[in-house]
Amino acid sequence: MPYKDKGHLEIEDRGAVLVVRVDGGPHQLFGLDIAHQLDKLVNRVDRDPSIRAVVFTGAHPERFVSHAAVRWLQEEGAASPTVGRRGAAAVVRMAKHVDRSRLLGPVMRRTPMRGALQLERLHTTFLRMNASGVLFVAALNGSALGLGAEFAWACDLRVMADGDFFIGQPEILLGIIPGGGGTQRLTRLIGTHRSLAAILEGKPFTPAEALANGAVDKVVPQDKVVAQAVELAEHFGRRSKGSVAAAKRSVYFGGSMSLEDGLHVERAEFFTRVMSKDGQELMLDYMKTTDATGELPLYDPDTYAQALASGSVPGHRSTKTTRR
Amino acid sequence: MPYKDKGHLEIEDRGAVLVVRVDGGPHQLFGLDIAHQLDKLVNRVDRDPSIRAVVFTGAHPERFVSHAAVRWLQEEGAASPTVGRRGAAAVVRMAKHVDRSRLLGPVMRRTPMRGALQLERLHTTFLRMNASGVLFVAALNGSALGLGAEFAWACDLRVMADGDFFIGQPEILLGIIPGGGGTQRLTRLIGTHRSLAAILEGKPFTPAEALANGAVDKVVPQDKVVAQAVELAEHFGRRSKGSVAAAKRSVYFGGSMSLEDGLHVERAEFFTRVMSKDGQELMLDYMKTTDATGELPLYDPDTYAQALASGSVPGHRSTKTTRR
Amino acid sequence: MPYKDKGHLEIEDRGAVLVVRVDGGPHQLFGLDIAHQLDKLVNRVDRDPSIRAVVFTGAHPERFVSHAAVRWLQEEGAASPTVGRRGAAAVVRMAKHVDRSRLLGPVMRRTPMRGALQLERLHTTFLRMNASGVLFVAALNGSALGLGAEFAWACDLRVMADGDFFIGQPEILLGIIPGGGGTQRLTRLIGTHRSLAAILEGKPFTPAEALANGAVDKVVPQDKVVAQAVELAEHFGRRSKGSVAAAKRSVYFGGSMSLEDGLHVERAEFFTRVMSKDGQELMLDYMKTTDATGELPLYDPDTYAQALASGSVPGHRSTKTTRR
C-alpha cells in the first residue's frame, strides 16, 4: 500500500498574527498532506494584507516536527531505477518546467517524476516564505530533525525550548542527505564550515549550541516558546509589509548572488519602496517633523524608541494611530 | 523647489594617506553633492600611485553621516508614478546601459530615470572603492544610519567611537529599505541572518555590538578615532598597491561568486601579480635571502615582523629603503 | 637552470584511512612534484570504495608545508612579458579549454601558458577533493603559510598543533596574492571580512586565533595531532561514501551559488541518494524498526548515539555488522 498520511495544520487566528500548530500524527511526521496545506497557507497569508506574521509550532508535547515521513521519501526513491547523478539532475530540471497540473494527475502516479515534482513544490513553498512580506517564526516547542529542521530554517526567526531537545540534519546516518533545503539554508545561516561538519556527522545541535552558532535566535523555557515567538511576530509584524518583503528578497536572494548581481536586486527593490505610498508618506512626515523640531527624528532617542516599538517613525501628525 | 544640498568633502593631504572630512551641513546629511565629490575623489586616488589610503570621518561633532538627504530620495520616488517591482527592475536595468552624459542633462531632470541614474552612479563609486588598490578606512567619530552606515560598509576597515553612538539601517521604519548597498554589504560583513534581523527590525548596533558582530573593526575613545584610523591606513597602505587591488577584487567580487567562478577571478588576479615588477623583484630577493641565510625569510620571526611593519619582506640588498 | 624539486608523498595505509606525509625537502616546500603526486592520489582514493578518509601531515618536525616553492612561481611569472589584468584573465580562460596533454609537452615549456596550466591543474585537484566522498583531514603538525595554508583549506577538517606555530596567507608581503584558492576558501571558511583583513595584512593566525575564527577545528599538543586527525578521519569515514560526496558537493558548490541554484544542486544530489542501494536499505530498516518498537529510532537516545558512532542508524536486523 503506497504511503498515506493524515497530517494537518491547525490555524489559530490572532489578528495580524496566525498561530499554526503542525499536527503530524503520533510520530509527528512532516508528510505530503502537511506540505500541501503549508503551500495553501503560505499563498493565502502572502496575499492577505491584514496578516503580518505566522508562528509555527508543534502539536506534539516534545517535538516541533520529528522529521519527514520516511516512507514518502523511500517509496519515491524506490519507484525509479537507480540513476546516476547526471540522470537525477535531469529529472529535477525537467520537473521545474513541466505542467504540474497534468503531471500530478493519476497517470503520473508511481513514476519517478512524481517525487521530484512533490519535492520541487515544497522547495517553491519554502522559497515563497523567503520572498514574502509575512514574517515566519518557528516556535520550536521541542526537537526538530531533517525536514523539521529545514522547515525551521525556512522561517525568518527561530525560538527554541530549553531542555533535552535537539535540532539538526541526521540524513547522512540513513545513507541520504538533506533534501528540503538544509544544505543551503543551514549553510547560509551558520556558515559553510559549521554547516558542512554538522551535515557530515549527522549530529544535531543542543539548544545552547544552536543559540551560540546562530541556528536559533532565542532559547526560553518550553512553556514560554509560543508566547515569545508571538511577541517577536507582533514586533516585526508592525513594519510595512511591502518593506519586509523587499528586505527579505534583497537579503535572501540578492545576498546569495555575486555582489554586483545582489546590488542590482537591492536597487530594484529599493525603487519599488521609494515610489510606494507607505514610503512616500513616511518620508514626507519625516521631513515635516525635521523642519518643525529642528532635529532629525531618528536622532531623538525617544522618537527612535517609539519607531522601533510601533514599526514606523511617528509622523508630525501625531494623532494618527500606529501605521501598518 | 527641488532638493538642493551644499555638502562637501574637506581633503587633508598627509602624504600617502588622505584624511577626508565629510561635511553634510547642520544635519550632516549625505546628498547628491557629496556623492559627486566622492566619485571624483575615488577616481583620483585610484589612479594616483602615491596615494595608498583614505580615511573618511565626519565634520559633525557627534556624527559620521546622519543618513541620506531624505528629500533627495523622496523627490525622486515622487517624480514617478508608482510602478510594480517588475517596472522598477526595468528602470534600474535601463539605467545601467544608457549614455549617462546625455541623460543627466537638463532634459532628463524631473524624470523617474534621474533617480535611478544617480543611485546607479553611487553604487558604481562604492564598487570602485571595493576594486581599488587604495585602502579606505571609515573613522566613525559618531553615529551613522542608513546611507552613512552603507558608506562605512563600502570602506575596507572601520574604527568607531565608544560612547552613546550607533550604526545601522533604520530604513524599514520609513517604509523603505536600504538602497546604498546595505542589504548586500552588511550581509557579507556580518552574515545573512544577523543582517536580515537588523534590517527587518531597523534597530542600529551600539559600538560594542558592532565590534562583537564584526560590523566594525575597532572601538576607541572618540578623540582617538581619527588617529587610530590613520594608523591602520598607514599600516595597510605600506603593502603593494597592485596587490591590495588584486586581493580586494578577489575577496569582494570572487568571494561572492560560486566557488568555481571565484577561483577563476583569483587565478587571473594572481597571474597579473606574479608577472608584475613588484612581485618579480620581491620573489627574487626572497630566493636570494634564502640561499644566503639557509632559511626561508618568513620562518625567521624578526624578518616576518619587519615585513609586517614595512609592508614587504626585507630583501637581501638590505640597504634599500622600505619598499612601497 | 629552471626550477626542479624533489618533493614527494609518503603514503601509509591504515585500512579505510590513509596517512600521507608530505615531504617537501629541507625547506618543506610545496612544488610541482607534490602537486602531481597529490593529483594522482586524489584520483585514486576517490575511485577506491575501500578508502574513506585521508590524513595529510608534514614530514618536517615543525612545519606542515612551509609555502609554495617560490622559484616555481617566480619563473613562470618571469617567462611572460608583463600583461595587464585582461591579458591574465585571457590566459587563464584559455588554459581551461586547451588540450592539456599536448600543451604540457616539450613544445610548451618556457611559455607563459605552462604556469597557467600547472596552476589550473592544482585548482582541479583541490576541487576534486571538495567533490569527493573521501574525507580529507589536515593534521597540521606545525606552521603552514601560503600554498601550505591553501592545501589545508582545501581539506574538510583541520587539526593544528598547539605552540609557536602559525597558519595564513603572507603573499601580499611578496607583492603577490594567494593563488592556490586562499582568497576563496579562507573567505568561505571564516567570512569575507576576516579573510580580507588577514590577506591584506599578510599576518598569519596563531593556533588559538585559528581555532577562534574557525580556520581550524581543533588545537591539540603537537604529539597528538596525527592521532586526533586519524580519529576524526575514522569517525567521519564511517558514513556512506556516496552521501559524504553528495553532502560535500551540495555545501561547497551549491552553498556558494545563489540560493535558487544551490537548492537545485541539493535536489539533484538528494535524488541520487534516495534512489541508492545504501539509502533504500537504511530507510527500509528505519521503517521496520519504527513498526517493531513503536518509536522513531532517532528519537531513542541510545540508538542515535550508536548511529553517530557507527555511521548509520542500526537496523532492525541487529545482527548485521557496522554498515560501511
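Just so we're on the same page: letters track the sequence lines, and every chain starts at 1.
Between C/Tyr299 and A/Ser66 the shortest side-chain heavy-atom distance falls below 4.5 Å. Side-chain contact between A/Thr183 and C/Tyr252: absent, with no pair of heavy atoms (C-beta onward) separated by less than 4.5 Å. Looking only at side-chain heavy atoms (C-beta outward), C/Ser250 and A/Gln184 come within less than 4.5 Å of each other.
Both the backbone and the side chain of A/Ser143 come within contact range of chain C, each with at least one heavy atom under 4.5 Å from a heavy atom of that chain. For chain A, the nearby part of C/Leu135 is the side chain; its heavy atoms alone come within less than 4.5 Å. Heavy-atom distances place the side chain of A/Leu127, and not its backbone, under 4.5 Å from chain C. Residue A/Leu29 touches chain C through its side chain alone, counting heavy-atom pairs closer than 4.5 Å. Of the two parts of A/Phe166, only the side chain, counted from C-beta on, holds a non-hydrogen atom closer than 4.5 Å to a non-hydrogen atom of chain C. Only the side chain of C/Arg158 has a heavy atom closer than 4.5 Å to any heavy atom of chain A.
Under the rule for a salt bridge (Lys or Arg N to Asp or Glu O under 4.0 Å), the partners of A/Asp39 that lie at least two apart in sequence or sit in another chain are A/Arg121, A/Arg128.
Nearest heavy atoms, C/Phe271 versus A/Leu119: CE1-CD2, 3.5 Å. The nearest pair of heavy atoms linking C/Arg239 to A/Ile172 is CG-CG2, 3.8 Å. For the pair C/Asp156 and A/His193, the tightest heavy-atom approach, listed with the atom from each and the gap, is O-CE1, 3.0 Å. In terms of heavy-atom proximity, A/Leu173 sits nearest to C/Leu308 at CD1-CD2, 3.9 Å. When all heavy atoms are compared, the tightest approach of A/Pro170 to C/Leu298 is CG-CD1, 3.7 Å. The minimum heavy-atom distance between C/Ala247 and A/Leu196, with the atom names listed, is O-CD1, 4.3 Å.
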Notebook entry, point to check: What's the verdict on salt bridge (Lys or Arg N to Asp or Glu O under 4.0 Å) for A/Arg63 and C/Glu295, showing C-alpha distance, side-chain angles and the deciding distance?
Noted result: CA-CA 13 Å; A/Arg63 301 185 196 165; C/Glu295 179 56 288; 2.9 Å; yes
Item checked: Derivation and outcome, side-chain contact (heavy atoms from CB on, under 4.5 Å), residues C/Leu259 and A/Asn130 -> CA-CA 10 Å; C/Leu259 178 57; A/Asn130 291 156; 3.8 Å; yes
Next item on the list: Quick one: do C/His235 and A/Glu201 satisfy side-chain contact (heavy atoms from CB on, under 4.5 Å)? Show the steps, please.
Entry: CA-CA 8 Å; C/His235 179 69; A/Glu201 186 167 20; 2.7 Å; yes
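In terms of heavy-atom pairs under 4.5 Å with chain C, the best-connected choice from A/Gly179, A/Gly202, A/Ala197 is A/Gly179. Per-residue heavy-atom pair counts under 4.5 Å with chain A were compared for C/Gln280, C/Met257, C/Lys248, and the maximum is reached by C/Gln280. For the set A/Leu186, A/Ile176, A/Ile199, the count of heavy-atom pairs under 4.5 angstrom toward chain C peaks at A/Ile176. In terms of heavy-atom pairs under 4.5 Å with chain C, the best-connected choice from A/Asp164, A/Leu200, A/Leu73 is A/Leu200. Ranked by heavy-atom pairs under 4.5 Å with chain C, the list A/Gly191, A/Pro204, A/Gly262, A/Gly180 is led by A/Pro204. Listed options C/Val251, C/Leu284, C/Leu189 were ranked by heavy-atom pairs under 4.5 angstrom with chain A; first place goes to C/Val251. When C/Gly254, C/Gly242, C/Ala246, C/Ser256 are compared by the number of non-hydrogen pairs under 4.5 Å with chain A, C/Gly254 comes out ahead. Of the residues considered (A/Leu174, A/Thr192, A/Thr187), A/Leu174 shows the highest number of contacts with chain C, using heavy-atom pairs under 4.5 Å. Listed options C/Asp217, C/Val265, C/Asp261, C/Thr290 were ranked by heavy-atom pairs under 4.5 angstrom with chain A; first place goes to C/Asp217.
Side chain of A/Gln74 to main chain of C/Met283: no donor-acceptor pair is present (N/O by atom type, distance under 3.5 Å, no hydrogens or angles). Of the possible donor and acceptor atoms, none in the side chain of C/Tyr286 sits under 3.5 Å from a partner among the backbone N and O of A/Val70. A donor-acceptor pair under 3.5 Å is formed between the side chain of C/Glu266 and the backbone N or O of A/Gly182. Side-chain N or O atoms of C/Arg273 include one that pairs as donor or acceptor with a backbone N or O of A/Gly175 at under 3.5 Å.
Atoms CG and CD, from C/Leu296 and A/Gln28 in turn, are 10.0 Å apart once rounded to the nearest 0.5 Å.
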